[in-house]
Amino acid sequence: MSFLTSVKLVAWSFLGIRSNKGYREDLSKVNPLHVVLVGLMAAVLLVVGLISLAKWVVST
């Protein structure tokens, strides 16, 4: 359950719309290693997605 909570925490952080109270509650429930791993995976997916989108737009 902690890993899924980490995914939710990172997703809210990427969007930037999480309240401070909710953020602190979630942060107390997660493993810091999970947050770092999920954050790195999300960043890589974001970069790959943006590169793919740019290639798709340029090719059309």
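These numbers come from the heavy atoms of this one structure, side chains and all, not from hydrogens, waters or symmetry mates.
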Can you list, pair by pair, the side-chain donor-acceptor contacts under 3.5 Å of residues 37-59, counting residues two or more places apart and other chains?
residue	atom	partner	partner atom	Å
S52	OG	V48	O	2.9
S59	OG	K55	O	3.3
S59	OG	W56	O	2.9

Requested in this report: Apply side-chain contact (heavy atoms from CB on, under 4.5 Å) to L15 and list each qualifying residue two or more places apart in sequence or on a separate chain.
Outcome: I17
Donor-acceptor pairs under 3.5 Å, side chain of residues 29-36 to any protein atom, not counting sequence neighbours: which ones?
residue	atom	partner	partner atom	Å
N31	OD1	L33	N	3.1

Query raised in the report: Does one hydrophobic cluster hold both V7 and V10, with members joined at side-chain heavy-atom distances below 4.5 Å?
Result: yes
